[in-house]
S.K.: 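Shown below is the structure under consideration.
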Amino acid sequence: MLTAEIKGKKKITPAPQSAESTNPYESMLERFKVAAEKIGLDEETYNILKSPDRQYLVSLPVRMDDGKMKVFEGYRIIHSTGRGPSKGGIRYSMEVNLDEVKALAAWMTWKCAIADIPYGGAKGGITCDPSKMSVGELERLTRAYTVAMRDVIGVDKDIPAPDVSTGPREMAWIVDEYSKLKGEFTPGVVTGKPLDLGGSEGRVEATGRGVFVAAMEAMKKLKMNPKKSTAAIQGFGNVGSITAKYFEDAGIKVIAISDHTGAWLNPKGINIEKAIEYRNANKGTLQGFKDGKMISNEELLTLNADILAPCALENQIRRHNAANVKAKLIVEGANGPITAGADEVLQEKNIMVIPDILANGGGVTVSYFEWTQNRFGYYYPVEEIHKRADLSMTRAFNNVWKMAQKYKVSMRIAAYMFALEKVAKAVKARGCY
Ligand code: GLU
């Protein structure tokens with residue numbers, strides 16, 4: 001209700017809701033604008049980069065197990081191919097919509113530039129609830145998506161990868177379907193594949209490992225001792241659980257973890273190895289977990305922990321709860337977990353945020369290693385992958401850090417500035433007719 005009747009039949013309009021946007025694309029644009037101004041980006045390049053290059057929306061009819069047909073919506077948004085073929089995951093979720101995928105695609109462009117890998121950015125998604133679908137249904141849906149996008153994706157065009165609720169299994173189906181369509185084995189069309197099908201060592205743990213490396217770099221700058229620090233981690237999928245494991249191994253006490261079924265707090269430290277075992281034996285969820293007291297996801301975000309790692313979905317920290325965040329350092333394992341409105345509040349509170357486009361770039365970095373290995377047909381051992389990925393993450397962190405120091409801006413704005421400068425150079429070098 002926008003207006004309320006009060007005594008005397010006078011109508012009043014309540015104060016407008018906070019202008020904070022939870023639309024990820026608007027959140028992206030808000031930061032993009034600030035960064036563009038700071039680097040003095042010319043209007044032409046600004047206009048090219050503010051909207052995606054191409055947007056594909058497809059209808060995917062799939063035969064469900066009960067014999068009925070269901071039509072799903074599938075997206076692939078190519079934000080930019082300025083620096084190379086576009087790159088980015090495919091997510092399966094009921095939240096998937098055009099603006100979300102557009103934002104995620106743009107974030108991939110910035111992420112690849114910061115990681116210094118020769119790709120543009122893209123993202124895909126299917127609006128579906130994978131938790132309510134059988135393996136057979138998911139396979140048919142994935143194959144239908146591959147067929148629908150066969151002219152969009154390609155080794156030198158656009159290379160998908162896993163994202164929320166997709167993994168090596170889905171990538172294997174895509175390789176198989178795409179290879180059949182092409183009439184030749186084409187593993188380089190996606191990354192994040194199983195090891196037996198051209199996947200890379202180190203890809204599974206790449207994002208979480210990168211989040212950890214970025215957090216360690218930040219801790220050095222903030223003079224925080226890992227062995228005396230605590231962490232709260234939101235999300236216990238691939239990124240959250242592996243980040244938690246690396247934190248624990250480095251002596252950081254992980255006092256809280258969560259997933260969509262709840263959050264758990266144990267001030268003495270949760271045994272992450274056991275939590276992962278529990279989740280694996282429990283259909284992928286932490287439901288019924290005993291190592292800690294149950295708290296809400298909201299409480300987890302405002303716990304008294306030194307490090308907060310949101311590794312779940314978008315818009316978790318907004319203006320209203322940002323004021324209650326107590327962490328000294330936030331490292332964004334997820335894409336877009338903090339709104340642009342909340343950024344300001346966190347900055348005022350002097351909380352350092354390692355932004356998504358920097359913090360979770362370890363995943364796409366090892367995707368790049370996978371893609372190059374597919375092209376060579378020669379594969380590196382895990383030690384080599386870890387070494388190169390860690391070096392890349394450390395370098396990216398310090399590039400952004402220097403930018404932040406030089407321009408006296410947040411790490412988020414510095415990351416956008418760094419990325420924009422790089423992408424703009426490529427776009428300008430290509431020219432326009
Ligand atoms: N979905 C991951 C991301 O958001 C990985 C993308 C990729 O490896 O291409 O960064």
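Just so it is clear, the values below take in all heavy atoms, side chains as well, and ignore hydrogens, waters and symmetry mates.
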S.K.: Between the side chains of Q234 and S258, does any donor sit under 3.5 Å from an acceptor?
M.R.: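 Q234 vs S258: no donor-acceptor pair found between side chains.
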S.K.: Rounded to the nearest 0.5 Å, how far does CE of M149 lie from CD1 of I90?
M.R.: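 So the CD1 of I90 and the CE of M149 are separated by 8.0 Å.
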S.K.: Kindly determine whether Q287 and N282 satisfy side chain to side chain donor-acceptor pair (under 3.5 Å), including the steps that lead there.
M.R.: CA-CA 8 Å; Q287 198 161 29; N282 195 40; 5.8 Å; no
S.K.: Under 3.5 Å, sequence neighbours excluded: what are the donor-acceptor pairs made by side chains of residues 101-109?
M.R.:
from : atom 1 : to   : atom 2 : distance (Å)
W107 : NE1    : Y416 : OH     : 2.8
T109 : OG1    : H79  : ND1    : 2.7
T109 : OG1    : G121 : N      : 3.3

S.K.: Any side-chain to backbone donor/acceptor pair from Q373 onto F369? Under 3.5 Å, distance only.
M.R.: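 Side chain of Q373 to backbone of F369, a donor-acceptor pair under 3.5 Å: yes, one is there.
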S.K.: Does N238 use its side chain to pair, donor to acceptor, with the backbone of V204 at less than 3.5 Å?
M.R.: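 The answer is yes, because a donor-acceptor pair under 3.5 Å joins these two groups.
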S.K.: State whether R279 and D259 are salt-bridged, where the test is any N-O pair (Lys NZ or Arg NE/NH1/NH2 against Asp/Glu carboxylate O) under 4.0 Å.
M.R.: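 Salt bridge between R279 and D259, a charged N being under 4.0 Å from a carboxylate O: no.
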S.K.: Is a side-chain N or O of T186 found less than 3.5 angstrom from the main chain of V189, in a donor-acceptor match?
M.R.: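 Not a single qualifying donor-acceptor pair exists.
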S.K.: Considering only heavy atoms from C-beta outward, does the side chain of I117 approach that of K111 to under 4.5 Å?
M.R.: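 A side-chain contact under 4.5 Å is absent here.
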S.K.: Are L329 and L222 side-chain neighbours, meaning at least one heavy-atom pair lies under 4.5 Å?
M.R.: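 Of all side-chain heavy-atom pairs linking L222 with L329, at least one is under 4.5 Å.
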S.K.: Is the shortest side-chain N to carboxylate O distance from R318 to E20 below 4.0 Å?
M.R.: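 A salt bridge is absent here (no side-chain N lies under 4.0 Å from a carboxylate O).
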S.K.: What's the separation between atom OG1 in T142 and atom CD in E137, rounded to the nearest 0.5 Å?
M.R.: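 Taking OG1 in T142 and CD in E137, the distance rounds to 11.5 Å.
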S.K.: State, yes or no, whether a side-chain contact exists between M28 and I357 at a heavy-atom distance under 4.5 Å.
M.R.: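 Not touching, per the 4.5 Å side-chain cut-off.
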S.K.: What I want to find out is whether D116 reaches K422 closely enough, with some N-O distance under 4.0 Å, to be called a salt bridge.
M.R.: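 So D116 pairs with K422 through a salt bridge.
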S.K.: Got a donor-acceptor contact below 3.5 angstrom from the S392 side chain to the R388 backbone?
M.R.: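 Checking the backbone N and O of R388 against the side chain of S392, no donor-acceptor pair under 3.5 Å is found.
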S.K.: Looking at CG of D390 and CD of E217, how far apart are the two atoms once the value is rounded to the nearest 0.5 Å?
M.R.: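 Here the rounded value is 9.5 Å.
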S.K.: Are any non-hydrogen side-chain atoms of R83 and P118 less than 4.5 angstrom apart?
M.R.: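 When only atoms from C-beta onward are counted, P118 and R83 do not touch, as no gap falls below 4.5 Å.
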S.K.: Taking only residues two or more places apart in sequence or in another chain, which ones pass side-chain contact (heavy atoms from CB on, under 4.5 Å) with S86?
M.R.: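 Expected list: I78, T81, A122, D158.
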S.K.: My understanding is that only one of N315, D99, T339, N97 makes a side chain to side chain donor-acceptor pair (under 3.5 Å) with N23; could you say which?
M.R.: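 Checked N315, D99, T339, N97 against N23; only one passes side chain to side chain donor-acceptor pair (under 3.5 Å): D99.
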S.K.: Under a 3.5 Å threshold, yes or no: a donor from one side chain and an acceptor from the other, between Y246 and R209?
M.R.: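 Result is yes, a qualifying pair exists.
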S.K.: Please determine if K157 and D151 form a salt bridge, counting it only when a charged side-chain N lies under 4.0 Å from a carboxylate O.
M.R.: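 No, K157 and D151 are not salt-bridged.
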S.K.: Please find the pair of heavy atoms, one from V366 and one from R203, that lie closest to each other, and give the distance.
M.R.: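 Looking at all heavy atoms of both residues, the shortest contact is CG1-CA, 3.6 Å.
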S.K.: May I ask you to decide whether E100 forms a salt bridge with K123, counting only side-chain N to carboxylate O separations under 4.0 Å?
M.R.: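 K123 and E100: not salt-bridged.
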S.K.: Apply side-chain contact (heavy atoms from CB on, under 4.5 Å) to L420 and L49, showing your working.
M.R.: CA-CA 9 Å; L420 259 178; L49 292 173; 3.9 Å; yes
S.K.: Considering only heavy atoms from C-beta outward, does the side chain of S200 approach that of I385 to under 4.5 Å?
M.R.: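 Of all side-chain heavy-atom pairs linking I385 with S200, at least one is under 4.5 Å.
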S.K.: Is it the case that more than 12 heavy atoms not belonging to K221 sit under 6.0 Å from its NZ atom?
M.R.: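 Enclosed.
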S.K.: Could you go step by step and tell me if K328 and N350 meet the side chain to side chain donor-acceptor pair (under 3.5 Å) rule?
M.R.: CA-CA 8 Å; K328 299 186 188 84; N350 223 356; over 6 Å; no
S.K.: For S27 and E30, test the side chains for any donor-to-acceptor distance below 3.5 angstrom and give the result as yes or no.
M.R.: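 On atom types as modelled, these side chains do not qualify, holding no pair under 3.5 Å.
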S.K.: With no hydrogens and no angle check, just 3.5 Å: does a side-chain donor-acceptor pair link T166 and D163?
M.R.: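 Looking only at side-chain atoms, D163 and T166 do not form any donor-acceptor pair under 3.5 Å.
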S.K.: Once you round to the nearest 0.5 Å, how far does CD1 of I338 lie from CD1 of I317?
M.R.: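 Answer rounded to 0.5 Å: 4.5 Å.
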S.K.: Taking the ring of W110 and the ring of F418, is the distance between their centroids below 6.0 Å?
M.R.: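 Not close enough - the centres of the two rings lie 6.0 Å or further apart.
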S.K.: Please lay out, stage by stage, how E273 and K245 fare under the test side-chain contact (heavy atoms from CB on, under 4.5 Å).
M.R.: CA-CA 7 Å; E273 188 82 53; K245 185 74 185 78; 2.9 Å; yes
S.K.: Measuring centre to centre across the rings, with the benzene-like ring taken for any Trp, is Y145 within less than 6.0 Å of F72?
M.R.: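 No, ring centres 6.0 Å or more apart.
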S.K.: Under a 3.5 Å distance rule, please check whether N398 uses its side chain to pair with a backbone N or O of T394 as donor and acceptor.
M.R.: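 Checked: pair present.
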S.K.: Decide yes or no on side-chain contact (heavy atoms from CB on, under 4.5 Å) for F212 and I242, but give the supporting numbers first.
M.R.: CA-CA 9 Å; F212 162 70; I242 292 173; over 6 Å; no
S.K.: Can you tell me how far apart CD (Q316) and CG (L308) are? Round to the nearest 0.5 Å.
M.R.: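 One gets 10.5 Å once the value is rounded to the nearest 0.5 Å.
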S.K.: Could you check K268 against D291 for salt bridge (Lys or Arg N to Asp or Glu O under 4.0 Å), going step by step and ending with a plain yes or no?
M.R.: CA-CA 10 Å; K268 293 202 185 98; D291 186 7; over 6 Å; no
S.K.: Does any N or O in the side chain of E248 come within less than 3.5 Å of the main-chain N or O of I272, such that one atom is a donor and the other an acceptor?
M.R.: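 Judged by distance alone, yes, a pair lies under 3.5 Å.
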S.K.: Distance alone, cut at 3.5 Å: any donor-acceptor contact between the side chains of D65 and S134?
M.R.: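 Yes, a side-chain donor-acceptor pair sits under 3.5 Å.
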S.K.: Ion pair present between R91 and E314, side-chain N to carboxylate O less than 4.0 angstrom?
M.R.: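 A salt bridge is present here (some side-chain N lies under 4.0 Å from a carboxylate O).
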S.K.: Keeping K290 on the side-chain end and G288 on the backbone end, is there a donor-acceptor pair under 3.5 Å?
M.R.: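 At least one qualifying donor-acceptor pair exists.
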S.K.: Can you confirm whether K70 is buried at NZ, in the sense that more than 12 heavy atoms of other residues, nucleotides or ligands lie under 6.0 Å from that atom?
M.R.: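 Not more than 12 within 6.0 Å, no.
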S.K.: Rounded to the nearest 0.5 Å, how far apart are CG of L138 and OG of S165?
M.R.: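 Spacing of CG (L138) from OG (S165) equals 9.0 Å.
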S.K.: Tell me if the NZ atom of K425 is crowded by more than 12 foreign heavy atoms within 6.0 Å.
M.R.: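 No, NZ of K425 has 12 or fewer neighbouring heavy atoms, counting only those of other groups under 6.0 Å.
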S.K.: Going by atom types only, do N360 and T207 share a side-chain donor-acceptor pair under 3.5 Å?
M.R.: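 Note: N360 and T207 side chains miss the donor-acceptor criterion.
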S.K.: If you count heavy atoms of other groups shown closer than 6.0 angstrom to CZ of R395, is the number above 12?
M.R.: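 Counting other residues, nucleotides and ligands, CZ of R395 stays at 12 neighbours or fewer.
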S.K.: For the side chain of T230 and the backbone of I255, is there at least one donor-acceptor N/O pair under 3.5 Å apart?
M.R.: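 It does not hold such a pair.
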S.K.: So with a 6.0 Å cut-off around NZ of K349, is the heavy-atom count from everything else above 12?
M.R.: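 Yes - once you tally the heavy atoms of other residues, nucleotides and ligands closer than 6.0 Å, there are more than 12.
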S.K.: For the residue pair Y119 and W371, does the interplanar ring angle fall in the parallel (under 30°), tilted (30 to 60°) or perpendicular (over 60°) class?
M.R.: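 Rings of Y119 and W371: perpendicular, over 60°.
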S.K.: Dump the intermediate steps for salt bridge (Lys or Arg N to Asp or Glu O under 4.0 Å) on E37 and K33, then the final yes or no.
M.R.: CA-CA 6 Å; E37 254 164 50; K33 265 185 212 155; over 6 Å; no
S.K.: Regarding E177 and T146, do their side chains bring together a donor and an acceptor under 3.5 Å, going by distance alone?
M.R.: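 Distance-only check fails for E177 and T146.
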S.K.: Output, in order, the C-alpha distance, side-chain angles, deciding distance and verdict of side-chain contact (heavy atoms from CB on, under 4.5 Å) for L358 and F397.
M.R.: CA-CA 7 Å; L358 165 62; F397 180 92; 4.0 Å; yes
S.K.: Quick one: do E370 and T191 satisfy side chain to side chain donor-acceptor pair (under 3.5 Å)? Show the steps, please.
M.R.: CA-CA 6 Å; E370 179 175 332; T191 57; 4.9 Å; no
S.K.: Strictly by modelled atom types, are E44 and Y46 linked by a side-chain donor-acceptor pair under 3.5 Å?
M.R.: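 Judged by distance alone, the side chains do not pair up.
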S.K.: Quick one about D356 and N335 (side-chain donor to acceptor, distance below 3.5 Å, no hydrogens or angles considered), yes or no?
M.R.: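 D356 and N335 do not have a side-chain donor-acceptor pair below 3.5 Å.
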